[in-house]
A.B. asks: 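Got a structure here, written out as structure tokens. Questions coming.
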Amino acid sequence: MPPSAPPVLHWFLPTGGDGRDPGGVTAVQGRTSAATRRRADVDYLAQVARAAERAGFERLLTPVGLGCVDPWVLTPALAALTERIGFLVAFRAGLAQPTLIAQQADTFRRLYGDRIALNVVTGGDPAEQRAYGDHLPKDERYARSGELMHVVRELLAGRQVDTDGPHVRVTGARLHEPTLAAPVPLYFGGASPAAEEVAARHADVQLLWGEPPAAVAERIARLRAKAALHGRAPRFGLRLHVITRDTSDEAWREADRILAGLDPEAVRASQERFARMDSTGQARMTALHGGSADRLTVAPNLWAGIGLVREGAGTALVGSHDEVAARLWEYRRLGIEEFVLSGYPHLEEAYRVGEEVAPRLRALAEAEAEAVGEGGGEAVGEGEGRTEAAATATATVSAAVAVAVAEPVASEGAAA
């Protein structure tokens, strides 16, 4: 994807419940009432899915965990209730054999075409893994994920698989008449050395969490170098929350409201649980704020308050629509090609982000493409010119979006 091309936008499906506030939604962590006021039933989740579809998002990330509705059961039901939007179906590697996973994915694409991608989750909470019956240590879990991804990819490509690995052993595996016209990309996450080695070898898209731009740039550079050793060039996606409003003051007032509503006991319990996890990504999220509400703005417009109580992705871009678009574009210029976004509540915020932020991103892409064409030169390289981009992006958006924001939200195709 050229540096001036608009990013692909996905939305998050709150399958543990939804509300105006973040909080615990896992069975192991405990469930926060403010975060689960809206029950994760088919009626509500179909509303979110249709809103995201109308707002132009490409796919819906459906998480996996003990506190979530099972994605393999839910997503076909929602696919039947929507027309175009795809599903990024998360599954926990090692809890089912790869031939079955490939068969499930192939059945989905046979019924609904190219509306499925897979998000391979290795697991970062030993307590939850044990609850699932999985007792492997962390690095072995990642090794197993890599073996599984290899088998799934080969089967979905229509090839027979015979393998005898340390963790995955299959003989004579082959799908019956697979739907090869609809490829199934493999998304993957993980920040440890073991995880990055798996990503370099097997991921189509490596998902990162919302760290400051310099940290994201460093990870992209390292992962690209690792992948190049295997002759591969994965894409990169970023998982972020968004608090976007007409003005910056409005957005920060909403962040302050969320922070004021967090129960100190819930913060303490969440941070203690996160400290017991063996997830490098979770440790990096926690290190941004150190469990304290005193230093939550960790980069311009990047706020870590959500991570006080929510596991996993715990940062949000906070600001006016122009500012949020500018910061997303800054990440885009670092090499991020896809964003998985979310906001509380997910129904209303899907419309807000689709109607206000997505057009501004399109305007930024168009403005940069025009500048490159008129100048006869090249766009600033991915990872280069970040300081200049951050300083000028908001002004560029303000000048470019006057026409774009007046256009109706697209009803089909990816939001850009």
Side-chain angles (χ1 to χ4, degrees), residues 58-64 70-80 84-123 129 132-136 139-190 194-207 226-227 229-235 237:
E58 180 76 4
R59 293 190 178 105
L60 286 161
L61 172 60
T62 56
V64 63
D70 182 77
W72 283 114
V73 176
L74 174 68
T75 51
L78 295 182
R84 173 201 56 80
I85 198 163
F87 296 88
L88 180 48
V89 180
F91 69 89
R92 196 65 63 94
L95 303 187
Q97 292 301 315
T99 306
L100 175 60
I101 294 166
Q103 185 182 24
Q104 290 172 309
D106 187 54
T107 301
F108 194 111
R109 67 182 179 178
R110 179 176 299 192
L111 298 176
Y112 298 109
D114 62 354
R115 296 172 64 185
I116 182 172
L118 296 178
N119 182 31
V120 184
V121 178
T122 300
Q129 291 300 117
Y132 276 120
D134 182 18
H135 297 268
L136 281 183
D139 285 357
E140 290 189 46
R141 294 200 304 270
Y142 276 109
R144 179 179 60 191
S145 292
E147 293 178 43
L148 181 146
M149 292 169 74
H150 167 72
V151 174
V152 169
R153 181 189 302 282
E154 291 294 293
L155 290 174
L156 289 173
R159 292 185 279 270
Q160 179 173 313
V161 177
D162 296 274
T163 185
D164 186 8
H167 303 288
V168 175
R169 299 173 63 189
V170 297
T171 302
R174 180 185 287 274
L175 296 178
H176 177 65
E177 298 181 353
T179 308
L180 301 179
V184 180
L186 300 181
Y187 288 64
F188 188 72
E196 291 188 346
E197 183 61 29
V198 173
R201 290 176 177 270
H202 301 290
D204 294 311
V205 181
Q206 171 70 3
L207 286 177
K226 288 177 178 287
L229 296 176
H230 304 287
R232 305 188 68 251
R235 303 189 303 278

A.B. asks: Enumerate the ring-ring contact (aromatic ring centres under 6.0 Å, His included) contacts for residues 87-111, please, sequence neighbours excluded, ordered by first and then second residue.
C.D. replies: Phe108-Tyr112
A.B. asks: What pairs of residues pass the salt bridge (charged side-chain N to carboxylate O under 4.0 Å, His left out) test when at least one of them lies in residues 93-103, not counting sequence neighbours?
C.D. replies: none
A.B. asks: Asp134 and Leu136: which non-hydrogen atoms are nearest, and at how many Å?
C.D. replies: OD1-N, 3.3 Å
A.B. asks: Taking all non-hydrogen atoms of both residues into account, name the closest pair between Glu196 and Gly190 and its distance.
C.D. replies: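 Here Glu196 and Gly190 meet closest at CG-O, 4.3 Å.
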A.B. asks: Do Arg110 and Asp106 come within less than 4.5 Å of each other through their side chains, counting heavy atoms only?
C.D. replies: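 Side-chain contact under 4.5 Å: yes.
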A.B. asks: Tell me every residue that passes side-chain hydrogen bond (donor to acceptor under 3.5 Å, both in side chains) with Tyr142, counting only those two or more places apart in sequence or in another chain.
C.D. replies: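 Scan of Tyr142 (side-chain hydrogen bond (donor to acceptor under 3.5 Å, both in side chains), adjacent residues dropped) gives none.
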A.B. asks: Would you say the side chain of Ile101 lies within less than 4.5 Å of the side chain of Thr99, judging by non-hydrogen atoms?
C.D. replies: no
A.B. asks: What distance separates Thr107 OG1 from Leu111 CG, expressed to the nearest 0.5 Å?
C.D. replies: 6.5 Å
A.B. asks: Can you find a pair of side-chain heavy atoms, one from Asn119 and one from Arg59, that are under 4.5 Å apart?
C.D. replies: no
A.B. asks: Taking side chain as C-beta onward, heavy atoms only, is Glu197 less than 4.5 Å from Asp139?
C.D. replies: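 No - every pair of side-chain heavy atoms lies 4.5 Å or more apart.
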A.B. asks: Please name all residues satisfying salt bridge (Lys or Arg N to Asp or Glu O under 4.0 Å) with Arg174, sequence neighbours left out, ordered by chain then number.
C.D. replies: none
A.B. asks: If you round to the nearest 0.5 Å, how far is CD of Gln206 from CZ of Phe188?
C.D. replies: 6.5 Å
A.B. asks: Mind listing the closest non-hydrogen atom pair of Ala90 and Val121 along with its distance?
C.D. replies: CB-CG2, 4.0 Å
A.B. asks: Any luck finding a side-chain donor-acceptor pair between His135 and Glu140 under 3.5 Å?
C.D. replies: no
A.B. asks: Which residue pairs pass the salt bridge (charged side-chain N to carboxylate O under 4.0 Å, His left out) test with at least one member in residues 92-101, sequence neighbours excluded?
C.D. replies: Arg92-Glu128
A.B. asks: Kindly give the heavy-atom pair with the smallest separation between Arg232 and Ala203, and that separation in Å.
C.D. replies: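 Arg232 and Ala203 have their closest heavy atoms at NH2-O, 2.7 Å.
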A.B. asks: Identify every side-chain donor-acceptor pair in residues 145-160 under 3.5 Å, counting partners at least two apart or on other chains, and give the distances.
C.D. replies:
residue, atom, partner, partner atom, Å
Ser145, OG, Thr122, OG1, 2.8
Ser145, OG, Arg141, O, 3.2
Glu147, OE1, His167, N, 3.1
Glu147, OE1, Val168, N, 2.9
Glu147, OE2, His167, N, 3.4
Arg153, NH1, Asp204, OD1, 3.2
Arg153, NH1, Asp204, OD2, 3.3
Arg153, NH2, His202, O, 2.3
Glu154, OE1, Arg159, NE, 2.8
Glu154, OE2, Arg159, NH2, 3.2
Gln160, NE2, Asp162, OD2, 3.1

A.B. asks: Answer whether the closest heavy-atom distance between the side chains of Tyr187 and Leu88 falls below 4.5 Å.
C.D. replies: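 They are in side-chain contact.
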A.B. asks: More than 12 heavy atoms of other residues, nucleotides or ligands under 6.0 Å from CD of Gln97: yes or no?
C.D. replies: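 No - once you tally the heavy atoms of other residues, nucleotides and ligands closer than 6.0 Å, there are 12 at most.
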A.B. asks: Specify the closest pair of heavy atoms between Pro76 and Pro71, including all atoms of both residues, with the distance to one decimal.
C.D. replies: CD-O, 4.1 Å
A.B. asks: Under a 3.5 Å distance rule, please check whether Arg109 uses its side chain to pair with a backbone N or O of Asp114 as donor and acceptor.
C.D. replies: no
A.B. asks: Measure across Gly237 and Val205 and return the closest heavy-atom pair with its distance rounded to 0.1 Å.
C.D. replies: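 Between these two residues, the closest heavy atoms are N-CG1, 3.9 Å.
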A.B. asks: Using modelled atom types only, decide if a donor and an acceptor are shared between the side chain of Arg115 and the backbone of Ile85 within a distance under 3.5 Å.
C.D. replies: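 Yes.
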